[in-house]
J.: 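Sharing a structure here in structure tokens format.
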Amino acid sequence: MNGFTHRSAAPGVHYAAAPCDRVLRSLPAHPADRAAARTLDGTRATEFLAVRSLLRALLRVLAPGLPGPVIAAHDTGRPHLPQHPDTGISFSHSGGWAAVCVGFGRQVGVDIEVPGPMSPQMVRRCCTPRDAARLSTLPGRDRETAFAWLWTAQEACVKALGTGLAGAPWTVPVGIGQRGGTWNGVRWRAQYDASRIPLTCAFTAACGPRTRP
């Protein structure tokens, strides 16, 4: 993958993450992606091209018989491959980082979050009172990092269901430091041991054989 590492979060579920600028230096953007990015401003264009270039690179490794797939979006904003509906895809970007996920025979969600300040209202909304109190005892950077891990799990779950923020990710029960769980038919795994930036993958149950396109 041009020097990029991809990992497995579960059977048939693969992900990759890298700084956006490194992706764009190493991977050529697809013509269709470059054309679509012309309508976006600088930062949004960078993120748009980075996640799609990284996704295409991951697909080339996992499914080499799938050259230049069409990447589209449903009305809800959920990305998909129209020619390969059994292959789930997801991507995320935060603070100059890009993350992508591919699921064969599954729907998937991925979220990456560079830790940063969060409001007390956000903490109260996303955490139980016990976890909010636990967060308040941590030093600033540790507090931001712990919350970022929690948030990536919540958002990855709603992405796997295709609902995004409309699915109220803050209602997904995730505890501080929790590394995996199940919610509403979705399993999630926080990649503590593999990613130095908080990153979580979520995925639905496999539908039939996990075949690659």
Side-chain angles (χ1 to χ4, degrees), residues 1-27 43-44 46-62 79 88-103 108-119 122-123 126-127 131-132 134-160 164 169-170 172-181 183 186-203:
M1 266 184 69
N2 292 61
F4 296 98
T5 300
H6 70 90
R7 299 179 183 274
S8 175
V13 179
H14 308 268
Y15 72 93
C20 292
D21 57 356
R22 183 181 163 206
V23 172
L24 296 181
R25 286 197 307 268
S26 305
L27 300 173
T43 300
R44 291 181 62 206
T46 296
E47 295 167 342
F48 180 94
L49 289 172
V51 294
R52 281 160 179 77
S53 295
L54 189 59
L55 176 65
R56 292 182 187 280
L58 182 58
L59 286 169
R60 282 196 295 271
V61 171
L62 299 175
I89 60 171
S90 181
F91 34 69
S92 177
H93 48 75
S94 171
W97 277 77
V100 300
C101 187
V102 172
V108 295
V110 66
D111 197 63
I112 191 169
E113 188 74 26
V114 174
M118 63 282 187
S119 69
M122 188 70 170
V123 173
C126 297
C127 300
D131 278 332
R134 184 179 172 190
L135 273 178
S136 70
T137 68
L138 298 175
R141 187 61 176 174
D142 291 346
R143 181 168 61 251
E144 293 172 356
T145 300
F147 182 80
W149 278 109
L150 180 149
W151 176 249
T152 63
Q154 292 178 325
E155 189 155 2
C157 284
V158 295
K159 283 185 173 183
W170 46 87
V172 180
V174 179
I176 297 298
Q178 188 177 346
R179 294 186 170 223
W183 171 80
V186 172
R187 294 187 64 192
W188 62 270
R189 292 180 182 171
Q191 304 300 309
Y192 277 88
D193 296 329
S195 178
R196 65 186 180 91
I197 306 296
L199 184 154
T200 297
C201 296
F203 43 91

J.: Is the closest side-chain heavy-atom distance between Y15 and L54 below 4.5 Å?
T.: no

J.: Nearest 0.5 Å, what's the SG-CG distance between C126 and L150?
T.: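 So the gap between those two atoms works out to 6.5 Å.
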
J.: If you compare all heavy atoms of A10 against all heavy atoms of F203, which two are closest, and at what distance to 0.1 Å?
T.: CB-CZ, 3.5 Å

J.: Hey, which of L55, L58, V51 is the one that makes side chain to side chain contact (heavy atoms under 4.5 Å, CB included) with I89?
T.: L55

J.: Measuring only between side-chain heavy atoms, which start at C-beta, is M118 closer than 4.5 Å to W151?
T.: no

J.: Using 0.5 Å steps for rounding, measure from the CH2 atom of W97 to the CD1 atom of I197.
T.: 5.0 Å

J.: Is V108 close to C201 at the side-chain level, that is, under 4.5 Å between some pair of heavy atoms?
T.: no

J.: Hey, could you give me the CD/CH2 distance between Q178 and W188, rounded to the nearest 0.5 Å?
T.: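 Answer rounded to 0.5 Å: 4.0 Å.
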
J.: What is the minimum heavy-atom distance between T145 and P115, and which atoms define it?
T.: OG1-CG, 3.7 Å

J.: What orientation do H14 and H6 show, parallel under 30°, tilted 30 to 60°, or perpendicular over 60°?
T.: perpendicular

J.: Charged N to carboxylate O below 4.0 Å: is that the case for R44 and E47?
T.: no

J.: Between S94 (side chain only) and V114 (backbone N and O only), is there a donor and an acceptor less than 3.5 Å apart?
T.: yes

J.: Could you go through the side-chain contact (heavy atoms from CB on, under 4.5 Å) check for S92 and E155 one step at a time?
T.: CA-CA 10 Å; S92 177; E155 189 155 2; over 6 Å; no

J.: Can you give me the closest heavy-atom contact between D131 and V174, atom names plus distance?
T.: OD2-O, 4.0 Å

J.: With a 4.5 Å cut-off on side-chain heavy atoms, are Q191 and T152 touching?
T.: no

J.: Is there side-chain contact between L138 and L135, with at least one heavy-atom pair below 4.5 Å?
T.: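 Yes, their side chains come closer than 4.5 Å.
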
J.: Out of curiosity, F147 CZ to Q154 CD, how far, rounded to the nearest 0.5 Å?
T.: 7.0 Å

J.: If every non-hydrogen atom of R189 is compared with every non-hydrogen atom of A9, which pair is closest and at what distance?
T.: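 Closest approach of R189 to A9: NH1-O, 2.6 Å.
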
J.: Tell me the closest heavy-atom pair linking V23 and A50, and the distance in Å.
T.: CG1-O, 3.5 Å

J.: Give me the atom names and distance for the closest heavy-atom approach of V186 to A202.
T.: CG1-CB, 3.7 Å

J.: Taking R134's backbone N and O only, do any of them form a donor-acceptor pair with T137's side chain (distance below 3.5 Å, no angle check)?
T.: yes

J.: For the pair L27 and F4, evaluate side-chain contact (heavy atoms from CB on, under 4.5 Å) and give the outcome as yes or no after the intermediate values.
T.: CA-CA 10 Å; L27 300 173; F4 296 98; 3.9 Å; yes

J.: With no hydrogens and no angle check, is any side-chain donor or acceptor of E113 less than 3.5 Å from a backbone partner on P198?
T.: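 Checked: no pair found.
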
J.: Does H93 form a side-chain contact (heavy atoms from CB on, under 4.5 Å) with T46? I'd like the steps, not just the answer.
T.: CA-CA 10 Å; H93 48 75; T46 296; over 6 Å; no

J.: Once you round to the nearest 0.5 Å, how far does CD1 of I112 lie from CZ of F91?
T.: 14.0 Å

J.: Any heavy-atom pair between the side chains of V110 and V100 that's under 4.5 Å?
T.: no

